[in-house]
K.L.:
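One structure follows; several queries about it will come next.
When a ligand or atom number is given, it counts from 1 through the structure's own listing order. In what follows, residues are counted from 1 in the order of the sequence shown.
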Amino acid sequence: MSMTERQLPVHAAMNQFFVQDGELVVGGERLSLLAARVGQTPFYAYDRALLRSRVVALRGVLPEGVKLHYAMKANPMPAVVGFMAGLVDGIDVASAGELKLALDAGADPLEVSFAGPGKRDAELRQAVAARVLINVESFREVVALEVISGELGLPARVAVRVNPDFELKGSGMRMGGGPKQFGVDAELVPALLADIGRAGLAFEGFHLFAGSQNLRSDLICEAQQKSYELAVRLAEDSPLPVRFLNLGGGFGIPYFPGEQRLDLAPIGDNLAQLAQRARTELPDAAFVIELGRYLVGEAGIYVARIVDRKVSRGQVFLVADGGLHHHLSASGNFGQVVRKNHPVTIGNKVDSLEKELASVVGPLCTPLDLLADRMTLPVAQVDDLVVVFQSGAYGASASPQGFLGHPACVEVLV
Ligand SMILES: *Cc1c(COP(=O)(O)O)cnc(C)c1O
């Protein structure tokens with residue numbers, strides 16, 4: 001590494017990437033060389049070393065025995081799933097398509113769980129045959145699973161996904177509490193458990209997922225404690241001992257100026273206390289934490305090349321070859337109420353002292369196609385590389401790539 005290598009102070013999100021000769025370093029390679037290797041822009045690059053160090057950091061604070069699962073919908077690139085499968089204890093899937101990817105990646109079926117509100121009978125059948133844990137989300141699923149289990153001569157392994165009677169406060173996206181399409185309302189769970197017992201399914205535990213993108217460790221601790229206590233109450237009606245208690249996740253990452261990284265230490269302490277209580281209250285249960293964004297989000301960047309530079313009535317527009325169609329969330333159109341800029345830089349001129357106020361737009365014929373709205377950036381020209389940080393989760397697979405017929409992006413694991 002050259003002597004100019006140093007850490008960037010620009011934004012919390014950039015701290016983990018190094019700079020060499022003015023260029024961002026990703027996967028140990030300068031960005032311009034990586035772009036040449038990939039052979040095209042736009043592309044996503046995910047950094048193995050950052051993925052690994054994130055898991056190592058988490059393991060450092062999670063108490064012994066707590067299982068770490070990867071919720072692969074955050075980034076289903078096959079190479080990423082394969083890499084993560086080797087680092088975590090299990091994979092959470094949300095469709096039969098993801099189930100196939102997880103099994104292809106070498107995940108242990110006994111440590112794969114399948115959640116989602118609309119599991120079709122064909123998907124349930126594949127999941128039973130694969131011997132993965134199915135998070136039951138309706139009474140209908142129990143009926144279907146009884147039939148399928150009989151046909152296959154294999155009792156379905158099930159957990160009950162509970163729609164809790166509380167919400168995860170401070171969450172970017174709430175997925176539990178109040179009326180929800182996810183899980184079964186806590187007050188109906190005793191009846192569902194009775195059905196599961198009568199159907200002869202292999203009941204293994206509970207799954208509670210309250211929400212996503214939370215940066216407040218105190219609120220995450222509160223949700224985990226309430227989830228645990230609810231599970232202890234529900235376990236009184238369970239047909240078999242609780243073997244798994246999936247307490248969800250919802251760990252967020254900083255996207256916007258002023259957002260701080262999640263403080264993991266209190267979460268580790270809280271889980272250790274709950275695990276201590278579980279020794280008497282749920283003695284057969286292993287805790288599971290399922291994380292998507294937190295594991296992969298900060299390890300990925302999106303890279304697009306500037307194809308035009310325009311000035312319109314005094315405002316600079318850098319027109320890139322990529323945008324909303326590959327990276328819906330950076331454009332602000334994936335669940336954001338008020339659009340804010342993701343961290344963006346010019347990746348081959350990172351520490352240039354020449355700066356200007358510029359907007360980075362994509363090639364689509366819609367004003368929604370915006371990667372950066374009037375940001376202070378290094379002065380950039382045609383052929384320079386725009387980088388969007390915090391792009392490892394809900395990127396390529398969560399974007400409308402067919403919209404307007406531009407070429408698809410490429411993904412690389414480096
Ligand atoms: C989406 C999802 C996750 C992952 O959420 P992140 O915010 O990416 O961590 C975990 N569990 C379930 C059930 C989900 O639907």
K.L.:
Angle class for the Y302/H326 ring planes (parallel below 30°, perpendicular above 60°, tilted otherwise)?
P.N.:
perpendicular

K.L.:
Please determine if R161 has a nitrogen or oxygen closer than 3.5 Å to a nitrogen or oxygen of ligand 1.
P.N.:
no

K.L.:
For the residue pair H327 and H342, categorise the inter-ring angle as parallel (less than 30°), tilted (30 to 60°) or perpendicular (more than 60°).
P.N.:
perpendicular

K.L.:
Without hydrogens or angle criteria, can the side chains of D384 and N348 be said to hold a donor-acceptor pair below 3.5 Å?
P.N.:
yes

K.L.:
Does any N or O of ligand 1 fall below 3.5 Å from an N or O anywhere on Y294, backbone included?
P.N.:
no

K.L.:
Please state whether the rings of Y44 and Y46 are parallel, tilted or perpendicular, taking 30° and 60° as the class boundaries.
P.N.:
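Rings of Y44 and Y46: parallel, as their planes differ by under 30°.
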
K.L.:
Side chain or backbone of F182 under 4.0 Å from ligand 1, or both, or neither, by non-hydrogen atoms?
P.N.:
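The answer is neither.
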
K.L.:
Using a 4.0 Å cut-off to any heavy atom of Y394, which atoms of ligand 1 qualify?
P.N.:
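The list of qualifying atoms is 1 (C), 4 (C), 5 (O), 6 (P), 8 (O).
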
K.L.:
Does ligand 1 come near enough to H207 that some N or O of the ligand is less than 3.5 Å from an N or O of the residue?
P.N.:
no

K.L.:
With a 6.0 Å cut-off on the ring centroids, do F244 and F287 count as close?
P.N.:
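Not under 6.0 Å, so no.
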
K.L.:
Side-chain donor-acceptor pair under 3.5 Å between E290 and Y70, yes or no?
P.N.:
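Y70 and E290 do not have a side-chain donor-acceptor pair below 3.5 Å.
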
K.L.:
Would you say F251 and ligand 1 have an N/O pair spaced under 3.5 Å apart?
P.N.:
no

K.L.:
Any atoms of ligand 1 less than 4.0 Å from a non-hydrogen atom of S212? List them with their elements.
P.N.:
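The list of qualifying atoms is 5 (O), 6 (P), 7 (O).
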
K.L.:
For A71, counting its heavy atoms only, list the atoms of ligand 1 lying under 4.0 Å from any of them.
P.N.:
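Every atom of ligand 1 under 4.0 Å from some heavy atom of A71: 3 (C), 4 (C), 10 (C).
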
